[in-house]
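Quick note: numbers below take in every heavy atom, side chains included, and nothing from hydrogens, waters or symmetry partners.
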Amino acid sequence: MKRLEWYMARRYLASRRKGRFVSLITLIAVGGIFLGVMALITVIAVMAGLQEDLRDRILGTNPHVYVFEQGASFRLGGWERVAGAIDTFPEVRATAPYVVSHVAAMRQDNLYMQPGRVLGILPGAGREPLSLVDEQIQEGELSFRTGSSLPGALVGYRLAAHLSLLPGDTLLVLSMENIRAEPTVSGGLMPAMRQFEVAGTFDTGMYEYDAVDIYVPMAAAQDLLGLPEDTVSGILVNLHDPDQAREVGPRLAEAAGWEYITQDWMSMNAALFSALRLEKIAMGVILFLIVVVAAFNIVSTLVMVVADKTREIGILKSMGMTDGMVLRIFMLQGLAVGIIGTVLGGIGGWLLVTLVDRYELIKLEAQVYFIDTLPVSIQPLDIGLILVGSVLISFLATIYPARQAARLVPVEAIRHE
């Protein structure tokens with residue numbers, strides 16, 4: 001009997017006698033499901049890719065946890081003791097000191113200035129690199145070595161482009177965090193100024209960092225700010241699991257001492273990731289409505305088939321076909337439309353996402369989105385939910401017209417014109 005029901009459902013699905021319009025509506029229903037699923041998979045993959053890409057780039061440039069001294073204006077003394085206390089935690093992968101200062105940067109022979117951020121680092125201080133630049137220095141791709149007596153500086157390639165800097169050029173840095181009073185007639189205040197030789201440029205892939213960051217040796221940054229050798233701005237900490245940063249951070253501060261506080265990468269970027277999650281949910285809901293609209297096409301298709309085949313249904317029921325069998329015929333027909341459209345949409349979405357990822361088809365404005373191209377990521381759970389949800393909606397859409405067909409009275413159905 002089940003074979004008969006499937007045969008009848010297939011026959012009605014591809015009906016040709018007096019039913020070309022019905023067949024066209026069937027194709028439209030399949031097309032609606034196909035477009036809805038493909039669009040939904042593509043958008044969800046893009047949003048997931050954007051989240052993953054931003055996360056990877058942020059973690060590639062920033063540590064998982066920062067440790068600071070409370071009320072010390074980014075001054076942390078005796079950093080080796082603090083780093084040693086933090087290193088005892090099993091969750092900690094590596095620690096290193098750093099010095100940071102917001103500065104104005106310019107070529108020595110050019111009055112054009114750009115805001116920048118000097119980062120003093122100590123390559124090799126941690127058990128492993130804590131940033132992409134630190135890793136490239138340790139691997140020999142970048143170096144602070146210069147051809148003069150000036151300390152070397154590694155400049156973000158976008159900042160270097162803005163200032164027309166090339167390796168070997170002299171970079172002048174002015175910091176307002178180490179101001180001194182000059183014995184002049186005006187009694188003016190002078191910022192600390194230091195010269196660096198551009199030893200190279202780096203590219204993190206994040207406009208926010210490549211347009212401002214200047215990496216220099218730790219000692220040179222301490223000299224710029226007038227800090228003693230054992231004083232830094234804070235301690236950088238990387239964990240084995242970055243997602244534990246919010247939980248582990250307070251414990252690190254407690255181990256270091258009551259005067260220390262921590263900030264984790266998740267809290268510092270919470271607004272950005274929250275906005276991305278909200279946008280992903282909103283886009284998913286909006287595009288899922290396309291699938292719902294397409295499901296109404298299934299309803300209209302089955303209603304028209306029932307109207308077109310009323311007499312045939314009456315004859316079949318008079319020959320012994322039960323209400324349950326008629327119900328299953330039309331449910332199978334609608335479910336077939338939903339499954340075909342969902343499968344085709346899944347394949348189309350996967351192909352589109354693969355093309356966008358492989359050939360970087362969509363370019364972005366880096367100054368606005370922090371990244372140059374649109375990233376994508378196919379998450380099996382997201383895809384599974386989309387496919388199952390689409391088939392489920394298609395199945396629910398079959399219930400009303402299938403029940404209407406099952407309720408037909410054989411005598412009245414046969415008399416139907």
Enquirer: State, with a plain yes or no, whether a side-chain heavy atom of R277 is found less than 4.5 Å away from one of Q51.
Expert: yes

Enquirer: Side-chain contact, heavy-atom cut-off 4.5 Å: M193 with L224?
Expert: no

Enquirer: Please give me the minimum heavy-atom distance between S175 and L225, naming the atom from each residue.
Expert: OG-CD2, 3.5 Å

Enquirer: Looking only at non-hydrogen atoms, find the nearest pair between V237 and L252 and report the distance.
Expert: CG1-CD1, 4.0 Å

Enquirer: What's the separation between atom CG in L385 and atom OG in S390, rounded to the nearest 0.5 Å?
Expert: 12.5 Å

Enquirer: Does a side-chain N-to-carboxylate-O contact under 4.0 Å join D323 and R407?
Expert: no

Enquirer: State, without any angle test, whether E52 and Q379 hold a side-chain donor-acceptor pair at a distance under 3.5 Å.
Expert: yes

Enquirer: Is there a donor-acceptor contact under 3.5 Å from the side chain of R145 to the main chain of A199?
Expert: no

Enquirer: Using atom types as modelled and distance alone, determine if a side-chain donor or acceptor of D169 lies under 3.5 Å from a backbone N or O of L165.
Expert: no

Enquirer: Check whether any side-chain N or O of Q70 sits under 3.5 Å from a backbone N or O of W258 as a donor-acceptor pair, and report yes or no.
Expert: yes

Enquirer: For a quick check under 3.5 Å, do D264 and S267 share a side-chain donor-acceptor pair by atom type?
Expert: yes

Enquirer: Just verifying a value: how many Å separate D109 CG and L172 CG, rounded to the nearest 0.5 Å?
Expert: 10.5 Å

Enquirer: Using a distance-only test with no angle check, is there a side-chain donor-acceptor pair under 3.5 angstrom linking T61 and S131?
Expert: no

Enquirer: Let me see the working for L239 and V92 under side-chain contact (heavy atoms from CB on, under 4.5 Å), right down to the final yes or no.
Expert: CA-CA 4 Å; L239 307 176; V92 173; 4.0 Å; yes

Enquirer: If you round to the nearest 0.5 Å, how far is OG1 of T204 from CG of D210?
Expert: 3.5 Å

Enquirer: With heavy-atom distances below 4.5 Å as the criterion, would you say the side chains of F330 and P401 are in contact?
Expert: no

Enquirer: Around E141, counting heavy atoms of other residues, nucleotides and ligands shown, do more than 12 lie under 6.0 Å from its CD?
Expert: yes

Enquirer: For the CG atom of L130 and the CD1 atom of I235, what is their distance to the nearest 0.5 Å?
Expert: 10.5 Å

Enquirer: Quick one: closest heavy-atom pair of T201 and A160, and the distance?
Expert: CG2-CB, 3.8 Å

Enquirer: Could you pull out all residues at least two apart from I339 that satisfy side chain to side chain contact (heavy atoms under 4.5 Å, CB included)?
Expert: L335, V343, V391

Enquirer: Hey, are D241 and R93 close enough for a salt bridge, meaning a charged N less than 4.0 Å from a carboxylate O?
Expert: no

Enquirer: For a 4.5 angstrom cut-off between non-hydrogen side-chain atoms, does V100 reach V118?
Expert: no

Enquirer: Tell me, do I383 and I378 make a side-chain contact under 4.5 Å, heavy atoms counted?
Expert: yes

Enquirer: Under a 3.5 Å distance rule, please check whether H64 uses its side chain to pair with a backbone N or O of A245 as donor and acceptor.
Expert: no

Enquirer: Would E229 and T231 count as having a side-chain donor-acceptor pair, cut-off 3.5 Å?
Expert: no

Enquirer: Give a yes or no answer on whether the side chain of T354 reaches the backbone of W350 with a donor-acceptor pair at less than 3.5 Å.
Expert: yes

Enquirer: If you compare all heavy atoms of V353 against all heavy atoms of T42, which two are closest, and at what distance to 0.1 Å?
Expert: CG2-CA, 3.8 Å

Enquirer: Are the side chains of S101 and M176 in contact, using a 4.5 Å heavy-atom criterion?
Expert: no

Enquirer: Given Y157 and F202, is the ring-ring contact (aromatic ring centres under 6.0 Å, His included) satisfied, shown in steps?
Expert: CA-CA 6 Å; Y157 85 98; F202 61 86; 8.6 Å; no

Enquirer: Given the rule in the side-chain contact (heavy atoms from CB on, under 4.5 Å) test, do M218 and V232 qualify, once you have shown the distances and angles that lead to the verdict?
Expert: CA-CA 9 Å; M218 177 75 71; V232 296; 4.0 Å; yes

Enquirer: Of all residues at least two apart in sequence or in a different chain, which pass the ring pair (Phe, Tyr, Trp, His ring centres under 6.0 Å) check with Y66?
Expert: F68, Y98

Enquirer: If I compare all heavy atoms of G334 with all of I298, which pair ends up nearest, and what's the gap?
Expert: CA-CG2, 4.0 Å

Enquirer: Any chance you could measure R57, atom CZ, to E208, atom CD, to the nearest 0.5 Å?
Expert: 12.5 Å

Enquirer: Could you give me the CA-CA distance, side-chain angles and deciding distance for R403 and L327, then say whether side-chain contact (heavy atoms from CB on, under 4.5 Å) is met?
Expert: CA-CA 6 Å; R403 291 185 65 184; L327 182 74; 3.8 Å; yes

Enquirer: Which residue in the set T95, N238, D87 passes side-chain hydrogen bond (donor to acceptor under 3.5 Å, both in side chains) when paired with R127?
Expert: D87

Enquirer: Under 4.5 Å between any side-chain heavy atoms of I33 and S394, yes or no?
Expert: yes

Enquirer: Look at the side chain of W79 and the backbone N and O of G234, then say whether any donor-acceptor pair between them is shorter than 3.5 Å.
Expert: no

Enquirer: Quick one: pull up CZ in R158 and CG in D213 and give me the separation to the nearest 0.5 Å.
Expert: 13.0 Å

Enquirer: Strictly by modelled atom types, are Y209 and N62 linked by a side-chain donor-acceptor pair under 3.5 Å?
Expert: yes

Enquirer: Specify the closest pair of heavy atoms between F144 and P123, including all atoms of both residues, with the distance to one decimal.
Expert: CE1-CG, 4.0 Å

Enquirer: Above 12 or not: heavy atoms from other molecules or residues under 6.0 Å from CZ of R251?
Expert: yes

Enquirer: Counting heavy atoms not belonging to F395, are there more than 12 under 6.0 Å from its CZ?
Expert: no

Enquirer: Could you please spell out the steps behind the side-chain contact (heavy atoms from CB on, under 4.5 Å) verdict for L35 and M38?
Expert: CA-CA 5 Å; L35 291 176; M38 184 174 68; 4.1 Å; yes

Enquirer: Got V155 and Y215 here, is their nearest side-chain heavy-atom distance under 4.5 Å?
Expert: no

Enquirer: May I ask you to check whether T170 and Q195 show a side-chain donor-acceptor distance below 3.5 Å?
Expert: no

Enquirer: Are any of the side-chain nitrogens in E69 or R75 under 4.0 Å away from the carboxylate oxygens of its partner?
Expert: no

Enquirer: May I ask you to check whether over 12 heavy atoms, not counting those of F273, lie within 6.0 Å of atom CZ?
Expert: yes

